[in-house]
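The sequence lines fix the lettering, A, B, ..., with proteins before strands; numbering per chain opens at 1. Below, each value reflects all heavy atoms present in this structure, side chains not excepted, and no hydrogens, waters or symmetry copies.
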Amino acid sequence: MALPQTLPGFREFYPEAMAVRSHIFRVWRQTAHVFGFQEYDGPVLEPLELYTRKSGDEIEAQLFSFTDKGGREVSLRPEMTPTVCRLVGAKANALKRPIKWFSIAEFYRYERMQKGRGRCFFQFNADIFGEAGPEAEVELIALLVQCLRGFGLTAEDFYIRLSDRNLWLHYLEALGFDEAQARSVLGVIDKYEKIGDAAFTSFTEAHGAMDETRKAKILALLAVKGIDALEAVVAQAGSEKLTARLADWRALLGGLEAMGVGAFVSVDLGVVRGLSYYTGFVFEAFDRKGDLRALAGGGRYNDLVAKYGGPDLPAVGFAIGDMTFQLLLEARGLLPKIMQAPDAYAVIGGPAERTLALGHVNELRQAALRVDYPLKQTAFGKQFKAAGESGAKLALIYGESEVARGVVKIRDLGDGKETEVPAHQLVLAVRELLGR
RNA sequence: GUGGUUGUAGCUCAGUUGGUUAGAGCACCAGAUUGUGGAUCUGGGGGUCGCGGGUUCAAAUCCCGUCAGCCACCCCA
């Protein structure tokens, strides 16, 4: 009878994989703390409505949703944003501004597996609530950059594409598109990079053919690759809203430059982030080689807290997924071979010596030294072999002769040097040999 | 959800036109080795050949189905 298999798309972490995961999380967490973000978490299981309210019922096809034993419609969380909006919204008036929060959590989506995408994955989420100005974007993008740089990735390895849904909407308004048409155009922009001119088909079907003049103007903004070009294109449109928005852009880019991350960011109006809830600046991180899917994505979502029952609270956030990110680190050889090795390994002569040895093992462990020893009594040769393979720096030798003389022989497994120390000085001696 | 492709030991892979008890390397365990490690040698465990059905005297091999992995599409909050 075959054992039940791991569910498709779910992951198991053997010690080696777990070491990698822990390493990544450790750097992310440390970086977030350095930037003054506070960690939070929420439930893994949420009411289904938390997700359908924001994204409509069709989202349910992508959810791990079911009816629980109490008849509740529930879903495993596919993302953090609704949860954090609820958390913040519920206590918004009691929280000091700006609210800078982050989390590292697992998410679940009922989707087909692919490279860099499974049915469960971890995300680092960071958000700032309560700051409407581009200063919040500066801080978040700087954090995003550092979360990648912290592993040794450089501006040669990744970059961040920066765009703006507000700018697009103002621009399209100036071109005379109504609201529904503008939304349709955003969909076109999202697809244009991938399928080119065919992207306009969806607009044509809904609103009729677009005149060439306006199409050319859309393509002009789409082609913008820098602040100068952006200003030039926007100046032609001659809209007050657009001019005001440009001031935000200058503030954002200036801030990013001052923060030392300018080299990682490129102006690129081709990014609009799907049909999502974003209301202003949006950004996505990609590897430079371009053979992986997006590493991270985020943007401003000023309406969402209110939508989840909280007060009007401006917000901006981003998420980094662990799978694509790990693929990038592997490709660049930036995952250190992490080995969980003990500091010392006890080599024990026989049952008589074992009592003393275990006492010392305990003593060393109380002193926070990592110590291992063979559970079963075996020959000395085997124990030395095990000591070497464990990666320990020192072997502590408990033979008949040492125990009788009240000493412990310590062998440096690197250079083979041996010293004897009185049993009562063991902790000190081990510390010294380890250099701490 | 659609299409393509791949499934043999923990891992990487052999396995002849269908032919007897399916192999190798690495890894693991044990012995050589009763006080000094990484080596070497010897031995051992581990497979319903993804699963199910069909063709055949005979299937890892051929056919059908199914499941799973990979790749692309859809989607990507």
(request) Look at the side chain of A:Q62 and decide which nucleotide, out of B:rU34, B:rA77, B:rG37, has an atom nearest to it. (result) B:rA77
(request) Using the C1' atom on both, measure B:rC64 against B:rA27 and round to a whole Å. (result) 38 Å
(request) Quickly work out the A:D303 CG to B:rA77 C1' distance and round it to whole Å. (result) 16 Å
(request) Provide, to the nearest angstrom, the distance between the CZ atom belonging to A:F107 and the C1' atom belonging to B:rC76. (result) 15 Å
(request) Could you give the distance separating B:rC70 and B:rG52 at their C1' atoms, to the nearest angstrom? (result) 23 Å
(request) Could you check A:F281 against A:W249 for side chain to side chain contact (heavy atoms under 4.5 Å, CB included), going step by step and ending with a plain yes or no? (result) CA-CA 9 Å; A:F281 288 112; A:W249 269 88; 3.3 Å; yes
(request) Just name whichever nucleotide pairs with B:rG18, Watson-Crick or G-U, keeping both distances under 3.5 Å, else none. (result) none
(request) Tell me whether A:F384 is stacked on the nucleobase of B:rG37, counting only the six-membered base ring and applying the 5.5 Å and 30° thresholds. (result) no
(message) Categorize A:Q114 for me: base, sugar-phosphate, or nothing, with a 4.0 angstrom heavy-atom threshold over every strand shown.
(response) base
(message) Tell me whether the side-chain N/O atoms of A:K382 come closer than 4.0 Å to OP1 or OP2 in B:rG31.
(response) yes
(message) For a salt bridge (Lys or Arg N to Asp or Glu O under 4.0 Å) check, start with the C-alpha distance between A:K215 and A:D197, then their side-chain angles and the critical distance, and finish with the verdict.
(response) CA-CA 10 Å; A:K215 188 171 166 183; A:D197 216 52; 3.2 Å; yes
(message) If you assign each of A:E111 and A:S401 to its closest nucleotide in RNA chain B, which residue comes earlier from the 5' end?
(response) A:S401
(request) Using modelled atom types only, decide if a donor and an acceptor are shared between the side chain of A:R119 and the backbone of A:E111 within a distance under 3.5 Å. (result) yes
(request) May I have the step-by-step check of side chain to side chain donor-acceptor pair (under 3.5 Å) for A:Y40 and A:Q38, ending in yes or no? (result) CA-CA 7 Å; A:Y40 70 93; A:Q38 291 189 292; over 6 Å; no
(message) How many whole angstroms separate atom CD1 of A:I348 from atom C1' of B:rG37?
(response) 16 Å
(request) Nearest whole angstrom, please: distance from the P of B:rA77 to the CZ of A:R165. (result) 10 Å
(message) Does A:Q123 reach a base, just sugar-phosphate, or nothing at all? Heavy atoms under 4.0 Å.
(response) nothing
(request) Carefully, step by step, assess A:E173 and A:K241 under the rule salt bridge (Lys or Arg N to Asp or Glu O under 4.0 Å). (result) CA-CA 10 Å; A:E173 190 186 347; A:K241 282 179 179 171; 3.3 Å; yes
(message) Measuring only the C1' atom in each nucleotide, how far is B:rC63 from B:rA72? A whole number of Å is fine.
(response) 28 Å
(request) For A:E39 and A:S103, test the side chains for any donor-to-acceptor distance below 3.5 angstrom and give the result as yes or no. (result) no
(message) What's the gap between B:rU5 and B:rG46 when it is taken at their C1' atoms, as a whole Å value?
(response) 30 Å
(request) Provide the distance between the two C1' atoms, one in B:rG7 and one in B:rG47, to the nearest whole Å. (result) 14 Å
(request) Considering only atom C1', compute the distance from B:rU61 to B:rG18 and round it to an integer number of Å. (result) 6 Å
(request) Using the P atom on both, measure B:rC51 against B:rC67 and round to a whole Å. (result) 15 Å
(message) Both A:P8 and A:L63 contact RNA chain B. Which one's nearest nucleotide lies toward the 5' end?
(response) A:P8
(request) Using the P atoms only, state how far B:rC13 lies from B:rU8, rounded to an integer number of Å. (result) 10 Å
(request) Nearest whole angstrom, please: distance from the P of B:rA72 to the CE of A:M113. (result) 13 Å
(message) Just checking A:Y277 against A:Y301, ring centres under 6.0 Å apart?
(response) yes
(request) Please report, rounded to the nearest Å, how far the C1' atom of B:rG10 is from the CD atom of A:E12. (result) 13 Å
(message) Base, sugar-phosphate or nothing for A:E389? Non-hydrogen atoms, less than 4.0 Å.
(response) nothing
(request) Determine which nucleotide pairs with B:rG10, using a 3.5 Å limit on both distances of a Watson-Crick or G-U wobble pair. (result) B:rC26
(request) Return yes if the base of B:rU36 and the side-chain atoms of A:K409 contain a donor-acceptor N/O pair under 3.5 Å, otherwise no. (result) yes
(request) Can you check whether any acceptor in the base of B:rC73 is under 3.5 Å from a donor in the side chain of A:R112, or vice versa? (result) no
(message) Among B:rU34, B:rA77, B:rG35, which nucleotide has an atom closest to any side-chain atom of A:E400?
(response) B:rG35
(message) Please classify the nucleic acid contact of A:G321 as base, sugar-phosphate, or nothing, using heavy-atom distances under 4.0 Å.
(response) nothing
(message) Under a 3.5 Å cut-off for both contacts, is B:rU61 paired Watson-Crick or G-U wobble with anything, and if yes, with which nucleotide?
(response) none
(message) Please determine whether a side-chain nitrogen of the Lys or Arg among A:D164 and A:R245 lies less than 4.0 Å from a carboxylate oxygen of the Asp or Glu.
(response) yes
(message) Suppose we define a pair by two distances each less than 3.5 Å, Watson-Crick or G-U wobble; what does B:rU33 pair with here?
(response) none
(message) Does A:E418 contact B:rU36 through a side-chain donor or acceptor facing the base, at a distance under 3.5 Å?
(response) yes
(request) Please evaluate the base of B:rG35 for a donor-acceptor partner in the side chain of A:E353 within a cut-off of under 3.5 Å? (result) no
(message) Tell me which nucleotide, if any, is Watson-Crick or G-U wobble paired with B:rU2 when both distances must be under 3.5 Å.
(response) B:rA72
(request) Measure from CZ on A:R119 to C1' on B:rG1 and round the result to the nearest Å. (result) 11 Å
(request) Answer with yes or no whether A:R109 presents, from its side chain, a donor or acceptor under 3.5 Å of a partner atom in the base of B:rA77. (result) yes
(message) From CZ of A:F10 over to C1' of B:rA68, roughly how many Å is that when rounded to an integer?
(response) 15 Å
